[in-house]
2 protein chains.
Amino acid sequence: MLDDDSPPTLSNPLEGLVGYHLRRAANAMLVDLGRRIEPLGLTLTEMSVVQLIAANPGIRQSEIGKALAIKRANMAPIIAALEARSHVSRMALDGRSQGLNLTDSGEAVVRQLRIHVAENEAWLMRHAGSGAEARLIAQLRAIWA
Amino acid sequence: MLDDDSPPTLSNPLEGLVGYHLRRAANAMLVDLGRRIEPLGLTLTEMSVVQLIAANPGIRQSEIGKALAIKRANMAPIIAALEARSHVSRMALDGRSQGLNLTDSGEAVVRQLRIHVAENEAWLMRHAGSGAEARLIAQLRAIWA
DNA sequence: TATTGTTATACTCTATAACTATA
DNA sequence: TATAGTTATAGAGTATAACAATA
């Protein structure tokens, strides 16, 4: 079968775009991180929220949303899910605000999380290497390719 | 009201992570690009697919999937939607494969697309600037912050 | 047997709108 | 009036599983 099964020498005009590499690199990073934290039973968004609570005990969910660019409407189910798994507890600050804190279970998860995040960062730097600035595309491409 | 409405001096441990900035930067880029191409009635994924067809007339959708990391199962509705809007036509290559081509309408869309993508790239570089390699975090952060 | 395309389905993330209640 | 939280809903994007038809 010599019908040219070799790589179809496909032309990809997106290869020259920084935005394309940025998207692919971010996706690759999220896939790697997602696999690492999978055993913890947290989504990537829950992961970042938990880390923010760990660093800011008593924080309000509206503050988390502002810091991480998550809309109020999307914060509600995230906090509810974390509370349902007993990772987060709420304490009324006033009639409408609640201070969020990690439970022991939540603290344990964060400890594991830090390890996986560090591994993910190491994975990132391993792929990105240290390069000059004009090498931005090459760096980002190296992450997913 | 002097209850300290100033920024809550919130601690964000994610700020030190390359992965965090990568995710935020990619999201910011996609928001900018999404707004630009919105008038064309294409999603971001459809946009990249159309560009690949434009550069590779007669390409099979399985090849597009491989190039852009889109699963076969997800390619089907994308191509169907592009065909439904008469941007793409199919031509049987053999009993199971189809060669994809742009229609006149599809070509017109791609011409507009190229302009918006170039604008998005300019926007990206305007924010990222040209910087050294250790400035990777700063560069990426500058895109979304 | 492996590949191409398809359908069905589910989950994550994001978005807007509208509502309650509290400040 | 503005804010904090909630609910409902929708649209992207991605994932797996299973199937038919063809190579």
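Chain naming here is simple, since letters A, B, ... match the order of the sequence lines and numbering starts at 1 in each.
Screening residues 100-112 of chain A for side-chain hydrogen bond (donor to acceptor under 3.5 Å, both in side chains), with sequence neighbours left out, gives A:His87-A:Ser105. Applying the salt bridge (Lys or Arg N to Asp or Glu O under 4.0 Å) test to residues at least two apart or on different chains, the pairs with a partner in residues 88-103 of chain A are A:Glu83-A:Arg90.
Scanning residues 44-55 of chain B for heavy-atom distances under 4.0 Å to DNA chain C yields an empty list. Residues of residues 68-82 of chain B having a heavy atom closer than 4.0 Å to DNA chain C, listed by number: B:Arg72, B:Ala73, B:Ala76. Taking every heavy atom of residues 85-96 of chain A and every atom of DNA chain D, pairs under 4.0 Å involve A:Arg90, A:Arg96, by number.
Legend: residues meeting side chain to side chain donor-acceptor pair (under 3.5 Å) with A:Ser86, ordered by chain and number and at least two apart, are absent.
Atom OG of A:Ser89 sits about 8.0 Å away from atom CG of A:Leu102, to the nearest 0.5 Å. Summarising the geometry, atom CG belonging to B:Leu113 is positioned 5.5 Å from atom CE belonging to B:Met47; distances are rounded to the nearest 0.5 Å. From A:Glu63, atom CD reaches atom CG of A:Leu68 across 11.5 Å, with rounding to the nearest 0.5 Å.
Look at CZ on A:Arg23: it is 16 Å from P on C:dC13, rounded to the nearest Å. The interatomic distance linking B:Arg35 (CZ) with C:dT16 (C1') rounds to 14 Å, in whole Å.
The two residues B:Ala54 and B:Pro57 have their closest heavy-atom pair at O-CD, 4.0 Å. When every heavy atom of B:Gly99 is checked against every heavy atom of B:Leu93, the shortest pair comes out as N-CG, 3.4 Å.
Follow the hydrophobic side-chain contacts under 4.5 Å out from B:Leu10 and you reach A:Val110 in the same cluster.
Read 5' to 3', the first and last nucleotides of DNA chain D with an atom closer than 4.0 Å to a heavy atom of chain A are D:dA2 to D:dT14.
B:Glu121 places a side-chain N or O within donor-acceptor distance of the main-chain N or O of A:Val18, the cut-off being under 3.5 Å.
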Per-pair distances, 0.1 Å, donor-acceptor, side chain in residues 37-45 of chain A, under 3.5 Å, sequence neighbours excluded:
residue, atom, partner, partner atom, Å
A:Thr43, OG1, A:Glu46, N, 3.1

Hey, can you pull the donor-acceptor pairs under 3.5 Å for the side chains in residues 25-33 of chain A, sequence neighbours left out?
residue, atom, partner, partner atom, Å
A:Asp32, OD1, A:Arg36, NH2, 3.2
A:Asp32, OD2, A:Arg36, NE, 2.7
A:Asp32, OD2, A:Arg36, NH2, 3.4
A:Asp32, OD2, A:Asn120, ND2, 2.8

Can I get a per-line list of side-chain donor-acceptor pairs under 3.5 Å for residues 69-81 of chain B, giving both atom names and the distance, sequence neighbours left out?
none

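Distances shown here put a side-chain N or O of B:Ser62 below 4.0 Å from the OP1 or OP2 atom of C:dG5.
Residues A:Gln98 and A:Val31 each lie close to DNA chain D; by heavy-atom proximity, the contact nearer the 5' end of the strand is made by A:Gln98.
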